[in-house]
There are 4 protein chains.
Amino acid sequence: MNKNRPKYKQIIDAAVEVIAENGYHSSQVSKIAKKAGVADGTIYLYFKNKEDILVSLFQEKMGQFIEKIEEDIKTKSNAKEKLLAMIKTHYGLLSEDHHLAIVTQLELRQSNKDLRLKINDVLKRYLLVIDHIVEDGKAEGLFHESLDLRLVRQMVFGTLDETVTNWVMNDQKYSLTDQAEEVHELLIHGLTIHAK
Amino acid sequence: MNKNRPKYKQIIDAAVEVIAENGYHSSQVSKIAKKAGVADGTIYLYFKNKEDILVSLFQEKMGQFIEKIEEDIKTKSNAKEKLLAMIKTHYGLLSEDHHLAIVTQLELRQSNKDLRLKINDVLKRYLLVIDHIVEDGKAEGLFHESLDLRLVRQMVFGTLDETVTNWVMNDQKYSLTDQAEEVHELLIHGLTIHAK
Amino acid sequence: MNKNRPKYKQIIDAAVEVIAENGYHSSQVSKIAKKAGVADGTIYLYFKNKEDILVSLFQEKMGQFIEKIEEDIKTKSNAKEKLLAMIKTHYGLLSEDHHLAIVTQLELRQSNKDLRLKINDVLKRYLLVIDHIVEDGKAEGLFHESLDLRLVRQMVFGTLDETVTNWVMNDQKYSLTDQAEEVHELLIHGLTIHAK
Amino acid sequence: MNKNRPKYKQIIDAAVEVIAENGYHSSQVSKIAKKAGVADGTIYLYFKNKEDILVSLFQEKMGQFIEKIEEDIKTKSNAKEKLLAMIKTHYGLLSEDHHLAIVTQLELRQSNKDLRLKINDVLKRYLLVIDHIVEDGKAEGLFHESLDLRLVRQMVFGTLDETVTNWVMNDQKYSLTDQAEEVHELLIHGLTIHAK
DNA sequence: TATGAATGAGACTTCATTCAT
DNA sequence: AATGAATGAAGTCTCATTCAT
């Protein structure tokens, strides 16, 4: 199924818009087709089924998302700065694309377990980025050697995800990017008082 | 309606089981009724509609959940210990009830926006518990006065939620309670090296 | 089933009220029971089933209706006056009981064919009254001997019924009784110009 | 929607048959679809919902009905003949289509108030035809100037409707058209003896 | 490639009636 | 006689997917 054809991207972008505007359960294939300017049947020339649209949407968008983050991190010299860059880019990209933020944080979570497992597969690459930063930090002597990689990864991702979700649920009415530094600080030093 | 009748609890418990075993979208009212040992129509003597079963389920279970946590915290004398108690009880209660863990972490998230909003209402009480601990910590001079309550709350809840969800998605095959102390440590001190 | 008990009438009157206020399809047995001040199950001590309430309602009310008309007619000395008396009483009784008018003209017509057949049985006695008037008129030399009894009966009843139904559907906002004389005139002399 | 497609008419005709044969309350959408030779879902490509089938049925059939009557009347030169033509066509058309007669006289009356209001809208056009005839009759000096248009309309329609309903309820076992002239006579001259 | 009319499975909820008390 | 909690059958409509053109 020809991923290079313009209609492929057309349909995915239509899906983001339709889902953001109507919500997951009111986003029928026919609505997506209409927004994309193609016939219902045409969807099935590019996607195996409805779930495939959503998985592809997530792969496509999250792929770009991760690439951007990987790029931005490369320019940083230590784990602390890399973590800050990751947070800033994570917040920044979602701030720039409100529709995508709604879709990934709220709507796509309503999907069934199968779809969520596939989404998790896509997310693994992002989690690897976190893992690398932590490993770097350990190597640099900045982070404890004994940190459990899995737990740290879950804390970092859980925190970012929860902050973004709350921001979306509050209608994105405050600045997400403005809180990047404090979140970074919290993750690095935790709740207790410490020497800066 | 009739919350004191045994059938009310019977139906809620049946709902947890059925949803955990079949998934949200395959949990028909008739299946729940059968498991509860009542007629389909009986469900509607105790619940307004299907969504009401789920909201009530969440209220009932999460209510007990929060009560237990509030009780456990009362016995602790400082914010740090309170936080640890909260984590241990949070992990402990979900470890004890595998079905409930599946339902709250995975299945109930597939519900529509309306139901999710009602669920969020119930969660607010839990978030308040976190807030109180953080305020205590500030008063004790243990936590920074400048900590943003909202961000901390989101970090703590996001971390707990993400760790539990991963545990559930990995078929609960490792011990959740065993990681309570390290998660506590991470939240308290963050990623960097520090004097214990 | 004990028609002499006070609850029998209580339930029938409750049924009239409930149906007039809620419409045929929103008049559940439980609503009628509540209005009558008895338990749902009690209804079934006095009536075989729901349809039996409605048939009984019609029999009871229509019985009184016809008795009144028969009485009023007795006092009149010729067919023309009898017809006028019948129309006046028909209109008068329904004008006095708005609830009953709504129930008989609109709501009870929504019942199924079975119930309507039973209702027709009750109506036969009323149709006989019409028949007798026509026969009287023929004997008096006032009406044509050749008039088809069935057709005349249908014209008279059809006209009365249609006028009352329209009056009810127009929210009873004009006087029904005021038009008795003109309707009588129309039935007696038809549409064409004639010597009075 | 799509009123020109053959399936639109197919479904309406199937609905008439199914309702005539099974009665209003036993006419499930699936039964109509089966009789029409289409899938259940196809119904909803042509009709908004089940009620819409019935309203459309009535509009379609009653529209043709009225058109025929209007045509027939045009050829007549005075009100008396027009009235006779109307009665004959009214009786004639329903005699020709027994299924339709059952549906319009008995089954559709069991519908709820909403549907009946919509049906009344359609009927208004027919009532206008009656009104025009009466006005013509007045202009010709045939009918009394003082006749109340509303009452006359109700007498004429009430009489026709009642005679047809009785014919249908008696299983259409006598000739409806044969009584057209006498009904006409009754409406024109009433019950009393008069010079022809 | 593209179309879009047609398909048909699947579930929530109501409410007349029963029967143990 | 009276209660009222419990029963369970039954039907409309949606929407992902197909396939003839």
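Looking at which nucleotide of DNA chain F each of D:E51 and B:T42 is closest to, the 5′-most match is held by B:T42. In terms of position on DNA chain F, the residue among B:G37 and D:S26 whose nearest nucleotide sits closer to the 5' end is B:G37. Positionally, the nearest nucleotide of DNA chain E for B:H25 lies more toward the 5' end than for the other of C:H25 and B:H25.
Residues of residues 27-35 of chain C having a heavy atom closer than 4.0 Å to DNA chain E, listed by number: C:Q28, C:V29.
For the pair C:D52 and C:N49, the minimum side-chain heavy-atom distance is below 4.5 Å. The shortest side-chain heavy-atom distance between B:V103 and B:F58 does not fall under the 4.5 Å cut-off.
Rounded to an integer number of Å, the gap from D:L45 CG to E:dG4 P is 14 Å. Rounding to whole angstrom units, CD1 of residue C:I43 and P of F:dA1 are separated by 15 Å. In this entry the distance linking NZ of C:K7 with P of F:dT3 reads 5 Å, nearest Å. Atom OH of D:Y8 is separated from atom P of E:dA5 by 17 Å (rounded to the nearest Å). In this structure, C:N22 places its CG atom 11 Å from P of E:dC15, rounding to the nearest Å. D:Y46 has its OH atom 12 Å from the C1' atom of E:dT7, to the nearest Å. A:K50 places its NZ atom 8 Å from the C1' atom of F:dC15, with the value rounded to the nearest Å. Rounding to whole angstrom units, OH of residue B:Y24 and C1' of E:dA11 are separated by 13 Å.
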Watson-Crick and G-U pairing of DNA chain F written in dot-bracket, each distance under 3.5 angstrom, with | for inter-strand partners | .||||||||||||||||||||
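For D:K50, there are no salt bridge (charged side-chain N to carboxylate O under 4.0 Å, His left out) partners, not counting sequence neighbours. When the side chain to side chain donor-acceptor pair (under 3.5 Å) test is applied to C:T42, no partner is found at least two apart in sequence or on another chain. Legend: residues meeting side-chain contact (heavy atoms from CB on, under 4.5 Å) with B:A101, ordered by chain and number and at least two apart, are B:L94, B:W167, B:V168, B:Q172. Under the salt bridge (charged side-chain N to carboxylate O under 4.0 Å, His left out) criterion, B:K61 pairs with B:D13, sequence neighbours left out. Contacts of B:R116 classified as side chain to side chain donor-acceptor pair (under 3.5 Å), with partners at least two apart in sequence or in another chain: none. Partners of A:D114 according to the side chain to side chain donor-acceptor pair (under 3.5 Å) rule, which considers only residues two or more places apart in sequence or in another chain, do not exist here. Qualifying side-chain contact (heavy atoms from CB on, under 4.5 Å) partners for A:N22, counting only residues two or more places apart in sequence or in other chains: A:V18, A:S26, A:S27, A:K31. In this structure, the side-chain contact (heavy atoms from CB on, under 4.5 Å) partners of A:I66, at least two apart in sequence or on a different chain, are A:M62, A:E70, A:R125, A:Y126, A:V129. Remark: C:H25 engages C:Q110, D:H25, D:N112 in a side-chain contact (heavy atoms from CB on, under 4.5 Å) (not counting sequence neighbours).
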Could I get a table of every N or O pair under 3.5 Å where one atom is in the protein and the other is in nucleotides 18-21 of chain E?
none

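Taking atom C1' in both F:dT21 and E:dT1, one finds a spacing of 13 Å when rounded to whole Å.
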Carefully, step by step, assess A:L117 and B:M169 under the rule side chain to side chain contact (heavy atoms under 4.5 Å, CB included).
-> CA-CA 9 Å; A:L117 284 173; B:M169 286 192 118; 4.0 Å; yes
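The listed nucleotides are E:dT17, F:dT7, E:dT7; the one nearest the side chain of C:N49 is E:dT17.
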